Asks: 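Here it is: the structure, laid out below.
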Amino acid sequence: MPIYEYEPVGPGPGCSTCGGGFTVRRSMSEPALTRCPDCGQPVRKIISAFSTPNSGTVDGAHAKAKANGFTVLKREKKGKYKIV
């Protein structure tokens, strides 16, 4: 389930929950919150930073995968792979 970040909009400092912003785990199928669940002040969803694996090179990614117990395959031709 994704984690979404929200911040208050409009006048007023907001409550202890939305005044400094808050995060909430919600299903992607649920609509975005429009109000703070505690005080009812309007809130908006903000774009958050996210992390992706980055080893710099394909060889580095392969080495990390192997070190973590994964089998790395390279496609040689249609339907044919070899372990690298």
Side-chain angles (χ1 to χ4, degrees):
M1 221 183 286
I3 298 173
Y4 296 101
E5 289 186 72
Y6 289 87
E7 66 182 6
V9 295
C15 70
S16 61
T17 298
C18 67
F22 63 95
T23 60
V24 64
R25 289 179 58 165
R26 294 175 59 89
S27 170
M28 291 176 67
S29 62
E30 293 181 78
L33 294 177
T34 57
R35 302 243 170 226
C36 171
D38 288 340
C39 71
Q41 178 171 324
V43 294
R44 67 175 166 214
K45 187 166 58 170
I46 58 175
I47 296 177
S48 306
F50 59 91
S51 176
T52 59
N54 182 6
S55 60
T57 66
V58 172
D59 291 333
H62 288 175
K64 283 184 180 180
K66 286 180 184 180
N68 287 302
F70 289 93
T71 301
V72 178
L73 302 173
K74 180 178 180 182
R75 184 176 178 185
E76 290 186 316
K77 59 184 175 180
K78 188 173 183 175
K80 294 286 184 173
Y81 294 84
K82 72 173 185 176
I83 296 175
V84 291

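Model, not experiment: these values are computed from the prediction. Position 1 is the first residue of the sequence, and the numbers go up from there.
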Asks: Would you say Pro2 and Met28 make side-chain contact, with heavy atoms under 4.5 Å?
Replies: yes
Asks: Indicate yes or no: does Glu30 engage Arg26 in a salt bridge with an N to O separation below 4.0 Å.
Replies: yes
Asks: How far does NZ of Lys45 sit from CG of Leu33, to the nearest 0.5 angstrom?
Replies: 9.0 Å
Asks: With rounding to the nearest 0.5 angstrom, report the CD1 to CD distance, Ile46 to Glu5.
Replies: 4.5 Å
Asks: Could you check if a side-chain atom of Cys39 sits within less than 4.5 angstrom of a side-chain atom of Cys18, using non-hydrogen atoms only?
Replies: yes
Asks: With rounding to the nearest 0.5 Å, note down the distance linking CD in Glu76 to OH in Tyr81.
Replies: 10.5 Å
Asks: Does the side chain of Cys15 reach to within under 4.5 Å of the side chain of Gln41, using non-hydrogen atoms?
Replies: no
Asks: Roughly how far, to the nearest 0.5 Å, is SG of Cys36 from OH of Tyr6?
Replies: 11.5 Å
Asks: Looking at Gly40 and Arg35, what are the two nearest heavy atoms and their distance?
Replies: O-CD, 2.8 Å
Asks: Could you grab the distance from atom OG of Ser16 to atom CZ of Phe22, nearest 0.5 Å is fine?
Replies: 11.0 Å
Asks: Does some side-chain heavy atom of Val9 sit less than 4.5 Å from a side-chain heavy atom of Val43?
Replies: no
Asks: Would Arg44 and Glu7 pass as an ion pair if we require N to O under 4.0 Å?
Replies: yes
Asks: Are Ile3 and Val24 close enough, and set up right, to give a side-chain contact (heavy atoms from CB on, under 4.5 Å), and what steps lead you there?
Replies: CA-CA 6 Å; Ile3 298 173; Val24 64; over 6 Å; no
Asks: Going through the checks in order, is the side-chain contact (heavy atoms from CB on, under 4.5 Å) test met by Ile83 and Val72?
Replies: CA-CA 6 Å; Ile83 296 175; Val72 178; over 6 Å; no
